[in-house]
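This report refers to the structure that appears directly beneath it.
Naming convention: chains lettered A, B, ... in sequence-line order (proteins, then strands); numbering from 1 in each chain.
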Amino acid sequence: MDYDKLLNDRQLEAVKKTKGPVLILAGAGSGKTRVLTYRTAYLIEKENVAPYHIMAITFTNKAAAEMKSRISTVVGERGRDVWVSTFHSSCVRILRRFALEAGYDRNFSIYDADDSKTVMKAVMKKLNVDPKKFKERTFLSAISKAKDELKGPEEALKDWGHDPVAMLKFKAYKEYEDRLKESNALDFDDLIVKTVELLRTNKEVLSYYQEKFEYMMVDEYQDTNTAQFELVRLLSGGTRNLCVVGDDDQSIYKFRGANIKNILNFEHYFPDATVIRLEQNYRSTKTILSAANSVIKNNEARKDKTLWTENEEGEKIKVCSFESAYEEADYIANDVAVRKRKANDSYSDYAVLYRTNAQSRILEEKFIRENIPYKIVGGVNFYSRKEIKDIIAYLKAIVNPSDDLSVRRIINVPKRGIGEASVEKAAVFATANGKSLYEGLLSSDINPAIKSAASKIRSFTSLIEGFKSRLNESVPTIIRAVLEESGYQNELVIENTDDSKARLENLEEFINKAVVYQNDNEEPTLSGFLEEVALIADIDNLPEGDDYVLLMTLHGAKGLEFDTVYIAGMEDGLFPGFMAITASDGGEELAEERRLFYVGITRARKNLTLTLARTRMVRGEYQTESPSRFLKEISPLLTEGNMPAPSVSSRKTEAPRKKSYTPDTSYNPFKKPVAPKNFGTTIAKAPLSYAVGDRVTHRKFGEGVVLSITDGGRDFEVLVRFDGGEEKKMFASFAKLEKA
DNA sequence: CAGCCATATCTTTTT
DNA sequence: GATATGGCTG
């Protein structure tokens with residue numbers, strides 16, 4: 001393998017610097033996956049490192065699979081022994097192997113966000129928390145944040161203070177932990193946290209892995225949190241051959257605990273670190289890159305770097321404004337069809353990105369109408385559908401009967417006449433005897449509180465016991481048995497509605513996945529299948545071979561690239577989101593949204609189209625927003641279309657811009673702005689000078705606040721609450737409201 | 001105990 | 001608009 005010819009100087013340096021800590025600052029499209037792949041190959045080929053001594057951590061299973069196959073293409077069979085997986089999968093693997101040392105049973109369940117929510121609901125009930133006053137979210141996100149920082153209840157309490165709410169959070173955290181422990185279950189955060197605890201407390205386990213992992217690589221390092229950093233630090237502590245690759249400008253998971261300081265301070269943690277910058281972009285046109293640069297430079301507190309490219313100038317970026325989200329979607333679907341016909345390329349060369357999953361529906365409709373094959377990534381996860389969750393609960397209960405949550409979920413599904421009251425009786429009996437709910441159910445016959453329900457409960461437990469005795473059978477066989485013998489399938493068959501048919505299809509699909517799992521794994525187990533199901537990301541599930549346009553959130557697009565990219569919904573309040581605009585954190589959240597925009601722009605290789613709608617249905621009512629403030633950060637020299645003139649923003653919450661805008665003309669200093677083409681198709685209504693939340697004045701009623709703006713077709717209906725407390729709905733053109 | 005209908009709240013973003 | 005919850009009735 002001739003590495004010198006395949007890589008540029010910087011990339012080559014990154015590949016050959018195999019010893020000690022290395023920080024690779026890899027800008028978008030600078031070939032970081034290439035570097036990681038060849039670095040691994042180089043270790044194996046040139047430095048004779050045994051493949052099983054190398055670990056690479058990626059962000060998604062898909063990325064892991066891709067890297068693995070690319071490594072194998074370069075070094076052949078040996079590549080299979082490189083440990084390539086996500087943080088979460090790696091941790092499960094470690095925890096399964098050393099479950100007892102970590103204080104768990106080998107068959108522990110993994111709770112997803114839904115499960116955590118259900119547990120928290122029960123916790124709040126126990127603590128007599130008024131669900132009107134507090135949402136589960138409040139506690140769960142506080143706990144998750146604490147776990148991301150490796151803080152237990154006591155430590156977290158120090159951060160929270162000592163007011164009553166803090167005490168409540170503390171109690172909730174403790175109770176939540178107890179419940180998971182009793183159920184032999186771990187949530188997503190636990191997977192990392194408990195692994196770190198294991199490595200910290202158990203010297204043998206720590207040195208086992210430190211000796212195993214002589215070389216470590218971490219991709220998407222900018223999105224690691226404190227716990228993940230600690231995990232990496234511990235695992236790589238034997239040799240300190242740790243290579244992390246990231247781009248602080250692409251850090252978009254702060255809300256999930258990602259600690260951007262991990263990248264900004266890498267050199268602080270590892271003073272002997274080698275820092276390598278990859279700044280040559282091989283992906284995008286000069287125009288697209290120029291736009292990306294001019295957007296991201298509005299962020300402060302970033303590692304200074306400027307991406308450059310030898311690629312051609314390329315097409316201008318299109319900015320198209322529409323009356324409604326409906327027209328916006330119409331345009332995008334139509335444009336894909338037109339471009340595809342002209343370019344004669346594949347649907348997979350196109351992607352539509354948006355800020356929120358809710359935007360996908362309307363796009364989907366238009367893609368169906370235009371007869372364009374598409375796939376939506378994200379949104380309602382396949383595995384979070386009710387019927388799938390039900391069947392998974394059966395499987396979890398069979399593998400791990402301590403899993404109270406799953407047992408509760410299925411005990412009366414389908415209906416067996418075992419109600420809440422009977423379950424509670426069994427639960428009380430179990431708790432009194434220090435047993436799990438399932439054990440409590442097993443002893444219903446000797447539970448004096450349970451009388452008539454005892455026989456029904458017995459038939460349930462013998463059903464489960466029957467399944468347990470068949471755990472040695474293949475995973476699809478077990479699932480089929482559960483579906484048939486529990487009566488679940490039959491119930492849906494009898495129902496015979498469109499809905500029930502769809503559910504049955506989903507269950508078939510689930511069995512198909514089990515078949516694939518069974519065939520692809522050397523040692524398939526039900527527990528292993530459940531693990532895969534729990535940790536699968538939506539993007540991991542896309543069928544190969546078919547040709548389709550991808551529709552997904554900007555977050556989902558991380559790490560991907562396409563010839564043509566549309567970013568829809570470029571409106572203030574949507575992107576950047578309302579939360580970011582109103583946040584009083586000195587622009588931190590806004591900066592993260594800007595990074596998200598940067599990620600979106602840099603997904604595009606050749607064409608980029610930004611679209612916005614003046615009105616959009618949000619939560620059942622029409623909202624009017626002004627164009628995204630981010631649009632102004634792209635020089636008009638780089639764009640064409642009918643971008644509305646920077647209007648006087650109607651939001652009074654707009655944060656003052658820290659840097660004044662200077663057009664970045666470095667790549668095309670001689671181009672003149674192109675006259676905007678009109679992409680919009682409807683006659684514009686008189687634009688409103690105010691938006692929802694603004695204070696307005698009415699000639700007769702005085703001052704008030706705008707509660708909602710509804711699109712009434714020819715005119716806008718505006719709902720205003722006047723200071724007298726009176727609410728009035730009026731037509732905008734008629735009422736002549738003025739911004740106060 | 002189950003099934004039906006009214007209502008309230010929701011939204012970022014996800015392994 | 002969609003979904004989760006709650007209250008009511010049979």
### Message
If the cut-off is 4.0 Å, is R361(A) near the phosphate of dA2(C), judged by side-chain N/O to OP1 or OP2?
### Response
yes
### Message
Using modelled atom types and a 3.5 Å cut-off, is there a donor and acceptor pairing between side-chain atoms of D572(A) and backbone atoms of R629(A)?
### Response
yes
### Message
By nearest atom, which of the nucleotides dG3(B), dT15(B), dT14(B) is closest to the F188(A) side chain?
### Response
dT15(B)
### Task
Identify whether any heavy atom of A421(A) sits under 4.0 Å from a base atom; if not, whether one sits that close to sugar-phosphate; answer base, sugar-phosphate or nothing.
sugar-phosphate
### Task
Using whole Å, report how far CG of N357(A) lies from P of dA2(C).
16 Å
### Query
Within this structure, what is the CG-to-P distance between L186(A) and dT15(B), rounded to whole angstrom?
19 Å
### Distance in angstrom units between D148(A) CG and dT15(B) P, rounded
14 Å
### Message
Under 4.0 Å, heavy atoms only, any strand: does N412(A) hit a base, just the sugar-phosphate, or nothing?
### Response
sugar-phosphate
### Task
Using atom types as modelled and distance alone, determine if a side-chain donor or acceptor of N262(A) lies under 3.5 Å from a backbone N or O of N225(A).
yes
### Message
Over all strands shown, is E589(A) touching base, sugar-phosphate only, or nothing at heavy-atom distances under 4.0 angstrom?
### Response
base
### Query
dT15(B) phosphate, OP1 or OP2: any side-chain N/O from N225(A) under 4.0 angstrom?
no
### Task
Give a yes or no on whether a salt bridge exists between R594(A) and E589(A), defined as a side-chain N under 4.0 angstrom from a carboxylate O.
no
### Task
Let me know the distance between CD of E420(A) and P of dG3(B), rounded to the nearest Å.
15 Å
## Note on the structure
Whichever of Y253(A) and I418(A) has the more 5' nearest nucleotide on DNA chain B, that residue is I418(A)
### Task
Using only side-chain N and O atoms of T553(A), determine if any of them is under 4.0 Å from OP1 or OP2 of dT12(B).
no
### Message
What is the distance, to the nearest angstrom, from the NZ atom on K558(A) to the C1' atom on dT15(B)?
### Response
10 Å
### Message
Quick one: does any side-chain atom of D249(A) pair with a main-chain N or O of I296(A) as donor and acceptor, under 3.5 Å?
### Response
no
### Task
Could you point out which residue of L437(A), D114(A), V119(A) forms a side-chain contact (heavy atoms from CB on, under 4.5 Å) with L405(A)?
V119(A)
### Message
Please report the distance, rounded to the nearest Å, between CD in E592(A) and C1' in dT13(B).
### Response
8 Å
## Note on the structure
Checking dT15(B), dA2(B), dT14(B) against the side chain of F255(A) (C-beta onward), the nearest is dT14(B)
## Note on the structure
In B/S/- notation (B base, S sugar-phosphate only, - none; protein heavy atoms under 4.0 Å), nucleotides 5-11 of chain B written 5' to 3' is -----BS
### Task
Give one of base, sugar-phosphate or nothing for S384(A), where a contact means two heavy atoms less than 4.0 Å apart.
nothing
### Whole-Å gap separating C1' (dT14(B)) and CZ (F59(A))
7 Å
### Query
Looking at K254(A) and E592(A), does any basic side-chain N land under 4.0 Å from a carboxylate oxygen?
no
### Query
Would you call E220(A) and K32(A) a salt bridge, taking side-chain N to carboxylate O under 4.0 Å as the test?
yes
### Query
Roughly, in whole Å, what's the span from CG in D115(A) to P in dT15(B)?
16 Å
### Query
Which is true for G417(A) with a 4.0 Å heavy-atom rule: it touches a base, it touches only sugar-phosphate, or it touches nothing?
sugar-phosphate
### Closest to the M617(A) side chain, choosing from dG3(B), dT13(B), dG1(C)
dG1(C)
### Message
What contact category does G419(A) fall into here, base, sugar-phosphate, or nothing, at under 4.0 angstrom with non-hydrogen atoms?
### Response
sugar-phosphate
### Task
Check whether any side-chain nitrogen or oxygen of T60(A) sits under 4.0 Å from OP1 or OP2 of dT14(B), and answer yes or no.
no
### Query
Is there a donor-acceptor pair closer than 3.5 Å between any side-chain N or O of N298(A) and the backbone N or O of V295(A)?
yes
